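Bear in mind the structure is a predicted one, so any value in this text is a computation, not a measurement. Both counts, for ligands and for their atoms, begin at 1 and track the order of listing.
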Amino acid sequence: MAHRWTNTLTHADITPEAAFLNRRQVMAGLAGIGLAGMATPGAAQEALEPNTWEEITSYNNFYEFGTRKDDPAKYAGALTTEPWSIKIDGLVDRPGDYDFKDIMSEMTVEERIYRFRCVEAWSMVIPWNGFELADLLNMAGVQEGAKYVAFQTALRPDEMPGVQFPVLDWPYREGLRLDEAMHPLTIMATGIYDRPIPNQNGAPLRLVVPWKYGFKSIKSIVRVTLTDQEPATSWNMSIPSEYGFYSNVNPKVNHPRWSQASERRVGGGLFAKRVPTLMFNGYEEEVAGLYEGMDLAKYY
Ligand SMILES: Nc1nc2c(c(=O)[nH]1)N[C@H]1C(S)=C(S)[C@@H](COP(=O)(O)O)O[C@H]1N2
Ligand SMILES: [Mo]
């Protein structure tokens, strides 16, 4: 599959030692992912040092397994991820049930180190492995007239202790506008640190949309539907005043109950610094064009 965008950063490039040895390469990498505007190389480096495997896999949101941050790591092991089938339907030329292994044999998996920002104002930097969502959609053949993509997570009461509670309207649902879904920064993640993605992070495949709040990045996907209508999404259905369809990271639009102007980097313990949140989570150069002329306070 052809790729239109490549992350020039690898984690070797952004460890402090490598950065010290080769700052020019690091700055070239940062420019490539749109963080060139950040104040100093030091700040940029700090912001981009990846979180540890332990942090990424033990502090999670996956409400199907409970609402505490440590519930997914405790309970998601029960999710059967093999075999795994993904239904692709709606406005596509080749609808059907696609086996995850068959999909993987068609896709080029690469590493993408992305800032990840939760609406609860914490953030991490995660080295994902995955492929572009556009490649999956093109495999199914997007028809003219498709304007949105709807996603659903598996709903398995036997394996998911959290779904007995009506915290959300299950199954977990998310959606993107088609141009957002086709954007080269939007990926289906299948791994972290070159290992298969752990269940608590959304095995065997989950969406990652780095310029949007974390809840758009739906986990353990079993259905992808191309539609001409804006799809209903779980968080919007549950609390529409707090969670809109777009949910772009925007330091100027606060959540009704708290500020979104800064974020706490997970890791670094109790004294973890808050850092200013960047427009579109730092990907403004790449994605601002998608929203030209839109009032982002209205379309939050
Ligand atoms: N199916 C499903 N997907 C989900 C969630 C969830 O509860 N269920 N939580 C979302 C939220 S709020 C966040 S912040 C991210 C967290 O991803 P992580 O645990 O891999 O960091 O997953 C998102 N995807
Ligand atoms: Mo979140």
Visitor: Looking only at protein heavy atoms, identify the closest one to atom 14 (S) of ligand 1 and say how far it is in Å.
Guide: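 Its nearest protein heavy-atom neighbour is Cys118 SG, 3.4 Å.
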Visitor: Examine Trp122 against ligand 1 and note whether any of their N/O atoms are separated by less than 3.5 Å.
Guide: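 By distance alone, the answer is no.
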Visitor: Output yes when a side-chain donor or acceptor of Tyr243 lies under 3.5 Å from a complementary backbone atom of Phe215, and no otherwise.
Guide: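 No; judged by distance alone, with no hydrogens or angles, the pair does not exist.
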Visitor: Could you check whether Asp93 and Gln143, counting side-chain N and O atoms only, form a donor-acceptor pair closer than 3.5 Å?
Guide: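 Judged by distance alone, the side chains do pair up.
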Visitor: If hydrogens are left out, which of Ala154, Ser123, Gly214 has an atom nearest to atom 15 (C) of ligand 1, that is, the closest non-hydrogen atom?
Guide: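 Nearest heavy atom to atom 15 (C) of ligand 1 lies in Gly214.
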Visitor: In terms of residue, atom name and distance, what is the protein heavy atom nearest to atom 9 (N) of ligand 1?
Guide: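 For atom 9 (N) of ligand 1, the nearest protein heavy atom is Asn61 O, 3.3 Å.
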Visitor: Under a plain distance cut-off of 3.5 Å, with no hydrogens placed, do Ser234 and Asp169 share a side-chain donor-acceptor pair?
Guide: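 On atom types as modelled, these side chains do not qualify, holding no pair under 3.5 Å.
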Visitor: May I ask you to identify the nearest protein heavy atom to atom 21 (O) of ligand 1, giving residue, atom name and distance to one decimal place in Å?
Guide: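 Residue, atom and distance for the closest contact: Phe116 CE2, 3.7 Å.
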Visitor: Checking ring-ring contact (aromatic ring centres under 6.0 Å, His included) against Tyr291, which of Tyr300, Tyr299, Phe280, Tyr283 comes through?
Guide: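 Exactly one option meets the ring-ring contact (aromatic ring centres under 6.0 Å, His included) with Tyr291, and it is Phe280.
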Visitor: Looking only at protein heavy atoms, identify the closest one to atom 8 (N) of ligand 1 and say how far it is in Å.
Guide: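 Heavy-atom neighbour on the protein nearest atom 8 (N) of ligand 1: Glu64 OE1, 2.8 Å.
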Visitor: On the ring face of Trp53, is Arg195 found with NZ or CZ under 6.0 Å from the centre and within 45° of the axis?
Guide: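 Ring-cation test returns yes.
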Visitor: Quick test: of every protein heavy atom, which one is nearest to atom 24 (N) of ligand 1, and how far off is it to 0.1 Å?
Guide: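 Here the closest protein heavy atom is Ser217 O, 2.9 Å.
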Visitor: What residue among Asn199, Thr81, Thr80 forms side-chain hydrogen bond (donor to acceptor under 3.5 Å, both in side chains) with Glu159?
Guide: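 The side-chain hydrogen bond (donor to acceptor under 3.5 Å, both in side chains) with Glu159 is passed solely by Thr80 among Asn199, Thr81, Thr80.
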Visitor: Ligand 1 versus Arg206, non-hydrogen atoms closer than 4.0 Å: side chain, backbone, both, neither?
Guide: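 Side chain only.
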Visitor: Among all protein heavy atoms, pick out the one at the shortest distance from atom 6 (C) of ligand 1; state its residue, atom name and that distance to 0.1 Å.
Guide: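 Scanning the protein heavy atoms, the shortest distance from atom 6 (C) of ligand 1 goes to Tyr172 CE1, 3.2 Å.
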Visitor: Identify the closest protein heavy atom to atom 7 (O) of ligand 1: which residue and atom is it, and at what distance?
Guide: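 The protein heavy atom lying closest is Tyr63 N, 2.7 Å.
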Visitor: Looking only at protein heavy atoms, which one is nearest to atom 22 (O) of ligand 1, and how far off is it?
Guide: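 Looking at atom 22 (O) of ligand 1, the protein heavy atom closest to it is Lys219 CE, 3.4 Å.
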Visitor: Does the N or O separation between Gln200 and ligand 1 drop below 3.5 Å for any pair?
Guide: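 No: no nitrogen or oxygen of Gln200 is under 3.5 Å from one in ligand 1.
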Visitor: Give the C-alpha distance, both sets of side-chain angles, the deciding distance and a yes or no for side chain to side chain contact (heavy atoms under 4.5 Å, CB included) between Phe131 and Ile103.
Guide: CA-CA 10 Å; Phe131 52 85; Ile103 290 175; 3.9 Å; yes
Visitor: Applying salt bridge (Lys or Arg N to Asp or Glu O under 4.0 Å), run through Lys87 and Asp97 and close with a yes or a no.
Guide: CA-CA 4 Å; Lys87 181 184 286 299; Asp97 296 306; 3.1 Å; yes
